[in-house]
Amino acid sequence: RTKENAAYLAETASTMQALAALEQAVQVLSDATLLQSGKASAALLQSTTKAELQEKAAAGVRRIISVLPSRIDLNEDQISMLSEFAKNGAHVEYGRQSASIQGRLKDMYDTMSANLEKDTQTEATKNRVFEDFIAAKLTEMNEMKATKTKKEGEKAEAEINLAETQ
């Protein structure tokens, strides 16, 4: 059970790291898309240039690719799109690609969040079953110890009675 729990904790940490990277990348892509379309806020316009934001977006996608848990299944088109954007995101058809990437990343985020929630519930159930099993075994052990002590007392009493009758 300890090994299963350790594997769950490692997978959860990896998934949480990927979720954080996804969230950050979606935000950067969203900001870059706003900047590209001319609808960016004054604060966003003052804080960064279009090229810097597009490079951050590409870096964010590269980070996602590197931290995705191994159990996340991506088809070849998704991998190709993410890789191409990570490599050339700041230079080619940015607006259309960014919107498509944002949609895919949001879908991945939703799926990973749902899977993490399901895995957490499964792990909690497994822990509860394990704890109930251990509690039952401890109760059995205590009952057996009490029975042993009683039997040892009865044996000692029987030996005394036998010794007295001889």
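Residue numbers start at 1 and run along the sequence shown.
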Check residues 148-156 and write down every donor-acceptor pair under 3.5 Å in which the side-chain atom is one partner and the other belongs to a residue at least two apart or another chain.
{"residue": "Thr149", "atom": "OG1", "partner": "Lys145", "partner atom": "O", "Å": "2.9"}

Does any N or O in the side chain of Ser14 come within less than 3.5 Å of the main-chain N or O of Ala10, such that one atom is a donor and the other an acceptor?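 It does not hold such a pair.
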
Which pairs would a plain distance check flag for residues 127-137, meaning a side-chain donor or acceptor within less than 3.5 Å of a matching protein atom at least two apart in sequence or in another chain?
{"residue": "Asn127", "atom": "OD1", "partner": "Arg1", "partner atom": "NE", "Å": "3.4"}
{"residue": "Asn127", "atom": "OD1", "partner": "Arg1", "partner atom": "NH2", "Å": "2.9"}
{"residue": "Arg128", "atom": "NH2", "partner": "Asp132", "partner atom": "OD1", "Å": "3.3"}

Rounded to the nearest 0.5 Å, how far does OG of Ser113 lie from CE of Met108?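 Spacing of CE (Met108) from OG (Ser113) equals 11.0 Å.
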
So how far is it from Leu105 CG to Met112 CE, rounded to the nearest 0.5 Å?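 Answer rounded to 0.5 Å: 10.5 Å.
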
Tracing side-chain contacts under 4.5 Å among Ile, Leu, Val, Met, Phe, Trp and Tyr outward from Leu9 reaches Tyr8

Among Ile, Leu, Val, Met, Phe, Trp and Tyr joined by side-chain contacts under 4.5 Å, find the other residues sharing a cluster with Ile160 and list them by chain and number. none

Would you check if Asn115 and Thr15 make a side-chain contact, meaning some heavy-atom pair closer than 4.5 Å?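 Not touching, per the 4.5 Å side-chain cut-off.
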
Asp119 side chain near Thr12 side chain, heavy-atom distance below 4.5 Å: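 A side-chain contact is absent here, since even the closest heavy-atom pair is not under 4.5 Å.
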
Listed partners of [X] passing side-chain hydrogen bond (donor to acceptor under 3.5 Å, both in side chains), at least two apart:
X	result
Gln17	none
Asn5	Glu123
Thr111	none

